[in-house]
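In this text the structure is predicted, and so the values were computed from the model without any measurement. As the structure lists them, so they are numbered: ligands from 1, and atoms in each ligand from 1.
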Amino acid sequence: MSLLVVGSMAFDSIKSPFGEVERVVGGSATYFSLAASYLTPVRLVSVVGKDFPREVIGMLSSRSIDTQGLAIADGKTFHWKGYYEYDLNTAHTVKTELNVFQEFAPVLPEEYRDSPYVFLGNIAPRLQMDILDQVRKPRLVALDTMNYWIENSPGPLREAIGRVDIVVFNESEIREISGEYNLVKAARTVMGWGPSRVVIKRGEYGVLHLSDGTMFAAPAYPLETIFDPTGAGDSFAGGFMGYLASRDGSELSDMDYRLATMYGSAIASFTVEAFSTERLQNLTPEEISERVDAFRTLTEFRV
Ligand code: AMP
């Protein structure tokens, strides 16, 4: 079933201990859509400038990604510049240039309005709410954000969180927004604002998934080669939501959420093996299933 995503499409300039790249294609919606497209059809809502490569838009629409909701505006594409030290779990922002996002007022194409699954990717909370105002009765809405928005737009962000079912944050974000260091307490605080589930991304330590009464912990896949963690969080979210949307509207069980977490973790583990979307755009469904199986073996034990 269709999965709508709103988020950034970007040029990223990134430095990690393993190399440096300038103005490569990135953005939360780009990573999310590619990851989810292995599991379900995606409807993309974003904006790029005239400087964004047409081939990339062509590559997205050659997959099951509907790009009708992608605006091409006069001006420059969003640009994020950041770096990682040996602790690859923490992205340090050097510069955030919103560019065409400053003026963006998304209008959903009519057929997007009935999207049953919605992902409000990392972007201005005002835009996340613009989308929520335009969709009709979605079954499930999830939201992601970043320290930039927690610090620059706290009020609208709290309001947006109050309107969704699931939040997908990394551990520093949930600590910052909740004011709680302990992750279980932080998740309880956020659930008190409305969402019924909290998924905490912990980089190389995996994912912690909490709802009222259930807890699930997934490891990250222990890789030998990691080049660039950028996009891992959005690829995780794409795999996670993509799997839930692929369940064709059936009632979602706790096991569905667990499997969704494993699909997200499997797809994210490929993203970090190369810079930009290079690895993510060249996966096969077999590689993804094999990685999900490898996770099963990794954590299996008997008494
Ligand atoms: P992650 O998956 O969490 O590593 O997110 C990486 C992507 O987030 C990068 O490709 C950036 O272009 C994008 N990004 C960085 N800062 C922001 C921001 N303030 N708003 C929206 N997207 C951002």
Side-chain angles (χ1 to χ4, degrees), residues 5-16 21-36 45-49 52 56 76-84 87-102 104 106 119-128 131 142-154 156-157 160 167-174 176-177 199-204 207 220 226-241 264-265 267-281:
V5 55
V6 61
S8 56
M9 289 182 70
F11 287 129
D12 290 342
S13 300
I14 307 156
K15 200 169 166 183
S16 84
V21 285
E22 275 288 314
R23 303 184 74 78
V24 294
V25 168
S28 55
T30 317
Y31 284 107
F32 181 95
S33 310
L34 280 169
V45 180
S46 192
V47 61
V48 292
F52 196 79
V56 175
K76 285 190 185 165
T77 298
F78 178 101
H79 176 225
W80 178 71
K81 183 169 180 169
Y83 67 93
Y84 301 88
D87 169 13
L88 293 176
N89 296 335
T90 311
H92 302 277
T93 295
V94 176
K95 216 191 297 179
T96 302
E97 294 169 332
L98 295 175
N99 298 333
V100 287
F101 269 101
Q102 256 153 355
F104 185 47
F119 185 71
L120 307 173
N122 176 22
I123 199 56
R126 167 186 68 80
L127 292 177
Q128 295 179 318
I131 298 299
L143 174 148
D144 186 12
T145 194
M146 198 169 165
N147 46 9
Y148 182 89
W149 303 110
I150 298 173
E151 286 149 25
N152 291 299
S153 195
L157 180 58
V167 292
V168 184
F169 289 166
N170 72 30
E171 59 183 337
S172 64
E173 289 155 4
I174 197 166
E176 188 173 353
I177 201 164
V199 180
I200 306 175
K201 299 168 285 178
R202 307 184 60 226
E204 64 182 311
V207 172
I226 300 182
F227 270 105
D228 172 20
T230 310
D234 300 305
S235 308
F236 168 83
F240 176 79
M241 288 298 284
S265 303
I267 297 179
S269 73
F270 289 109
T271 297
V272 301
E273 288 180 342
F275 276 105
S276 187
T277 55
E278 223 174 285
R279 186 71 179 101
L280 185 59
Q281 70 191 60

Practice task
For ligand 1, find out whether one of its N or O atoms is nearer than 3.5 Å to an N or O atom of Trp149.
Solution key: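 Yes, Trp149 has an N/O under 3.5 Å of an N/O on ligand 1.
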
Practice task
State whether the shortest distance between N or O atoms of Gly27 and N or O atoms of ligand 1 falls below 3.5 angstrom.
Solution key: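 N/O-N/O distance below 3.5 Å exists for this pair.
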
For [atom], what's the nearest protein heavy-atom neighbour? Residue, atom name and distance, please.
{"atom": "atom 8 (O) of ligand 1", "answer": "Asn122 ND2, 4.0 Å"}
{"atom": "atom 1 (P) of ligand 1", "answer": "Asp234 OD2, 3.3 Å"}
{"atom": "atom 4 (O) of ligand 1", "answer": "Gly231 N, 2.8 Å"}

Numbered atoms of ligand 1 (with element) below 4.0 Å of [X], judged on heavy atoms:
{"X": "Ala10", "value": "12 (O)"}
{"X": "Met146", "value": "15 (C), 16 (N), 17 (C)"}
{"X": "Thr230", "value": "4 (O), 6 (C), 9 (C), 10 (O)"}
{"X": "Tyr148", "value": "19 (N)"}
{"X": "Gly233", "value": "2 (O)"}
{"X": "Tyr31", "value": "10 (O)"}
{"X": "Gly26", "value": "10 (O)"}

Problem - Short side-chain to backbone donor-acceptor contact, Ser153 and Trp149, under 3.5 Å - result: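 Answer holds: no.
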
Problem - N/O donor-acceptor pair under 3.5 Å between Asn99 side chain and Thr77 backbone - result: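 Checking the backbone N and O of Thr77 against the side chain of Asn99, a donor-acceptor pair under 3.5 Å is found.
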
Exercise for the section: Mind checking side-chain hydrogen bond (donor to acceptor under 3.5 Å, both in side chains) for Ser16 and listing every partner two or more places apart, or none if nothing turns up? Expected result: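 If we apply the side-chain hydrogen bond (donor to acceptor under 3.5 Å, both in side chains) test to Ser16, skipping adjacent residues, there are no hits.
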
Handout entry: Nearest atoms (heavy-atom pairs only) where Ala232 meets Thr271
Key =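 Heavy atoms of Ala232 and Thr271 come nearest at N-CG2, 4.2 Å.
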
Exercise for the section: Answer with yes or no after comparing the ring centroid distance for Tyr83 and His92 against a 6.0 Å cut-off, counting only values under it. Expected result: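 When the ring centroids of Tyr83 and His92 are compared, they turn out to be within the sub-6.0 Å range.
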
Exercise for the section: Examine the proximity of ligand 1 to Asp12 and report which part, side chain or backbone, both or neither, has a heavy atom under 4.0 Å away. Expected result: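 The side chain, only.
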
Exercise for the section: Determine whether the side chain, the backbone, both or neither of Ala91 has a heavy atom under 4.0 Å from any heavy atom of ligand 1. Expected result: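 Looking at Ala91 and ligand 1, no heavy atom falls under 4.0 Å.
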
Exercise for the section: Check the pair Tyr84, Asp228 against side-chain contact (heavy atoms from CB on, under 4.5 Å), reporting the backbone distance first and the verdict last. Expected result: CA-CA 8 Å; Tyr84 301 88; Asp228 172 20; 3.8 Å; yes

Practice task
Have a look at Ser8, Ser276, Ser13 and point out the one with the heavy atom closest to atom 13 (C) of ligand 1.
Solution key: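 Among Ser8, Ser276, Ser13, the closest heavy atom to atom 13 (C) of ligand 1 belongs to Ser8.
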
Handout entry: Side chains of Thr230 and Trp80 in contact at under 4.5 Å (non-hydrogen atoms)
Key =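 Yes; the side chains approach each other to less than 4.5 Å.
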
Exercise for the section: Could you tell me whether ligand 1 has any atom less than 4.0 Å away from a heavy atom of Phe236? Expected result: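 Phe236 does not count as a contact of ligand 1 under the 4.0 Å cut-off.
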
Practice task
Could you point out which residue of Asn122, Leu98, Ile123 forms a side-chain contact (heavy atoms from CB on, under 4.5 Å) with Tyr148?
Solution key: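 Testing Tyr148 for a side-chain contact (heavy atoms from CB on, under 4.5 Å) against Asn122, Leu98, Ile123 leaves exactly one candidate, Leu98.
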
Exercise for the section: Measure the spacing between NZ of Lys201 and CD of Glu173 and express it to the nearest 0.5 Å. Expected result: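 Nearest 0.5 Å value for the NZ-CD distance: 6.0 Å.
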
Exercise for the section: Indicate the ring-plane relationship of Phe275 and Phe227, choosing parallel, tilted or perpendicular according to the 30° and 60° boundaries. Expected result: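 Phe275 and Phe227: tilted rings.
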
